[in-house]
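A quick write-up on the structure given underneath.
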Amino acid sequence: MSKTVTIIGSLNYDLVTFTKKVPKAGETIQANSFETHMGGKGLNEAVAVARLSPPSGHVQSRMIGCVGADDFGKSLRQCLVDSGVDVSNVKTIGGESSGVATILVEEESGENRILITAGANGHLKPSDEEYKSIFESDKEDKNEYVVLQNEYPDTAKSISWLKTNKPSINIAYNPSPYRPELVTRDIWSKIDLLIVNEGEAQDVAKLLLPDLDLVDSMEGVKTLAVEIQKLLNQNNLKTVVITLGSKGCIYYDAQLDEPQFVKSRKVDNVVDTTGAGDTFFGGLVSNLALGKTLAQAVEFATAASSLAIQKKGAAEGIPEHKDVIQLLGE
């Protein structure tokens, strides 16, 4: 039976400049190249779920978002369509520009710096009736997922509505960009799958686990994963994944004796890290929706993100399911 992964979030048109170094305040530097790409954490995650699912169509990716009535908006919508994403809940907002991300990429390291202008994304505030309409036909299924992040204004309401009205659907949440007002015990007790980077995990601990000794070591991160997992909803997936950049990630759920560490795959030529985290997230959720184990899903997502950082662009760099399977040697 087909599974549905619903992504609620941002759609941004990325304006990317590649440079040898990032200018300091008041400094002007000659950059090497300029490109435009499709992006936004919501779009990236929706495309990742679609592309990283088997072509047999067992997972349906659908997007809930807003674009402006401009050429950027048309391109963003078409990118989703071309990737096989359901766009029936993507609204066009008249008189508003589409979301834009201005990205500086340091060519030697592949590291990026990003400025986001919300545009139409700022209008993504579904009403109760709209939520009811969107999720009306969804069955109570523990393999159904809703993917959320913080690049739209109504994340807290999305979490509250879903957990109140569709408690069996797994809420998969990446709290990026970090918004401390959303780090509360009430909100986090409604999350089923949390994916955070190490810095975000430490920021969360400072607010919700002030007595926890944050030790800068692998064992310290594992302890952090255990304690953060206790903050989550304990009725569904109850899983936390902490990404560690080039080192890999740590994952933990209540069924494991202890947190597990997975090394990242070695990549000789890092081109652009933009969208790598979203690729990991999409690959993880698509595999869990297919009924894969957490260990299998993390292995797949790790391989997918290693392929993504070898190409330019956020959405454009997301690999296909067959590419990841080939890398894994399956």
Side-chain angles (χ1 to χ4, degrees), residues 9-48 50-51 63 65-83 85 87 90 92-93 95-122 124 149-152 174 176-177 197 245-246 267-282 304-320 323:
S10 58
L11 300 98
N12 290 327
Y13 201 84
D14 292 349
L15 308 174
V16 190
T17 300
F18 293 86
T19 179
K20 187 174 181 180
K21 59 178 279 190
V22 175
K24 299 176 183 178
E27 183 180 18
T28 300
I29 291 177
Q30 182 71 46
N32 295 328
S33 61
F34 172 79
E35 298 176 0
T36 61
H37 297 281
M38 304 299 109
K41 296 187 73 63
L43 180 142
N44 294 341
E45 291 156 2
V47 170
R51 290 187 188 167
M63 181 79 215
C66 296
V67 295
D70 51 20
D71 289 341
F72 286 174
K74 294 176 183 177
S75 297
L76 290 165
R77 183 185 292 272
Q78 191 60 47
C79 175
L80 292 168
V81 171
D82 291 345
S83 296
V85 178
V87 298
V90 175
T92 298
I93 308 298
E96 182 64 89
S97 65
S98 295
V100 172
T102 302
I103 304 173
L104 298 179
V105 180
E106 293 185 83
E107 291 179 309
E108 291 185 4
S109 66
E111 291 297 327
N112 59 68
R113 292 166 173 81
I114 305 175
L115 289 170
I116 297 173
T117 303
N121 294 311
L124 182 52
Q149 20 65 37
N150 290 342
E151 282 189 352
Y152 73 105
N174 173 216
S176 178
N197 62 37
S246 60
V267 174
D268 294 327
N269 183 32
V270 177
V271 175
D272 185 1
T273 60
T274 308
D278 299 328
T279 299
F280 183 95
F281 198 4
S305 61
S306 76
L307 291 172
I309 63 177
Q310 297 179 63
K311 294 182 179 181
K312 290 182 179 180
E316 292 90 336
I318 298 171
E320 299 283 346
D323 301 321

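Atom set for the values below is all heavy atoms of this structure, side chains included, hydrogens, waters and symmetry mates excluded.
- Here the straight-line distance linking atom OH of Y13 with atom OG of S97 works out to 13.5 Å at 0.5 Å rounding.
- Between E316 and K311, every side-chain heavy-atom pair lies at or beyond the 4.5 Å cut-off.
- Side-chain contact check for N269 and Q310: no donor-acceptor pair (N or O, by modelled atom type) lies under 3.5 Å.
- Atom CD of E27 is surrounded by more than 12 heavy atoms from other residues, nucleotides or ligands within 6.0 Å.
- To the nearest 0.5 Å, atoms OG1 (T117) and CG (L115) are separated by 7.5 Å.
- You'll find the side chain of N12 reaches within 4.5 Å of the side chain of E151, heavy atoms only.
- Donor-acceptor pairing under 3.5 Å is recorded for the side chains of T273 and N112.
- Contact check for S98 versus L76: side-chain heavy atoms found under the 4.5 Å cut-off.
- Using a 4.5 Å heavy-atom threshold, the side chains of M38 and D14 count as separate.
- Here the closest heavy-atom approach between residue R51 and residue I318 is recorded as NH1-O, 2.9 Å.
- Contact check on E108 versus K21 returns no salt bridge, with no Lys/Arg side-chain nitrogen under 4.0 Å from an Asp/Glu carboxylate oxygen.
- Interatomic distance, N121 CG to C66 SG, rounded to the nearest 0.5 Å: 7.0 Å.
- Counting only heavy atoms from C-beta outward, the side chains of I103 and T17 never approach each other to under 4.5 Å.
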